[in-house]
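Read through the structure below, which is laid out as structure tokens, and then see the notes.
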Amino acid sequence: MSGATTAAYLARRAAQQERVRILYRRSLKDTLNWAVHRHLFYQDASDLRKKFEANKHVEDLDTIDKMIAAGEAMYDKWRHPDPYIVPWAPGGSKFTRNPVPPSGIEIVYDYGKEVND
Amino acid sequence: MAAVRGALIKHLRVNATPLPLLLLRNPKTIPNGLFNLTFNAIRRFSDEVMGSFLDKSEVTDRVLSVVKNFQKVDPSKVTPNAHLQKDLGLDSLDTVEVVMALEEEFGFEIPDNEADKISTINHAVEFIASHPQAK
């Protein structure tokens, strides 16, 4: 095919690579959510990595798109219902729990001490 | 009538002096020794929530140790200026794994679009050091 290295092709490949990276990241976190024990996680993570590596050398853009869509569908199917989110991140339990108060407010603990004491 | 009242109230207003605040701020200046406190009597609301920044050398050390423990990385090549893909020969999927390991090390959450852009160790160190909730 003549459009082997045009800018549009490269742009599409870059977008696909980014989608693959985000998909791999999310599926790795999901694997950690499902497999809480670390030795199980290592096993599952290397299996996931092998799946990604097996499709590494595909060149055709449409096939890659289909594979990414299939991967995202599988990720949606396997999403954990109660994922571990860092508490202060969006979706966590401490998110906006104690927002920063307006500046200039202070509590003065003088315990009833009068100025003239 | 209201203007007269307003002027009268303003005339009778007592100025709040900042002196008691200062006295409470450093207990050593209180003459009678009642307040031998070692803590600051003025408490700000959200210091714990806002967290504290880690300093860069400590962050660099921890990041380097995490990257060195990676199986696919040659430990002798890991320097603070190393580019993850060019110098250390890591794949893009390996970069994702390294970023996840850093997230776990520092108890952190990096949003997806930021995590893609981390490509050198220095970048990661700056990102972590500038985030107040990194432990």
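Note on naming: letters A, B, ... go to the chains in the order of the sequence lines (proteins, then strands), and numbering restarts at 1 for each one.
Atom OG1 in T95(B) sits 10.5 Å away from atom OH in Y24(A) (nearest 0.5 Å). Interatomic distance, L93(B) CG to R25(A) CZ, rounded to the nearest 0.5 Å: 13.0 Å.
Within a 6.0 Å sphere centred on CZ of R5(B), other residues, nucleotides and ligands contribute 12 heavy atoms or fewer. More than 12 heavy-atom neighbours from other residues, nucleotides or ligands sit within 6.0 angstrom of CH2 on W34(A). Within a 6.0 Å sphere centred on CZ of R79(A), heavy atoms belonging to other residues, nucleotides or ligands number 12 at most.
Hydrophobic cluster membership differs between F41(A) and I85(A), with clusters built from Ile, Leu, Val, Met, Phe, Trp and Tyr side chains linked at under 4.5 angstrom. At a threshold of 4.5 Å between side-chain heavy atoms, the hydrophobic network of Ile, Leu, Val, Met, Phe, Trp and Tyr places V20(A) and M67(A) in one connected group.
Between K29(A) and E104(B) there is no salt bridge, since none of the side-chain N atoms of the basic residue sits less than 4.0 Å from a carboxylate O of the acidic one.
In this structure the side chain of V99(B) never reaches within 4.5 angstrom of the side chain of R21(A), judged on heavy atoms.
Of the two parts of R97(A), neither the backbone nor the side chain holds a non-hydrogen atom closer than 4.5 Å to a non-hydrogen atom of chain B.
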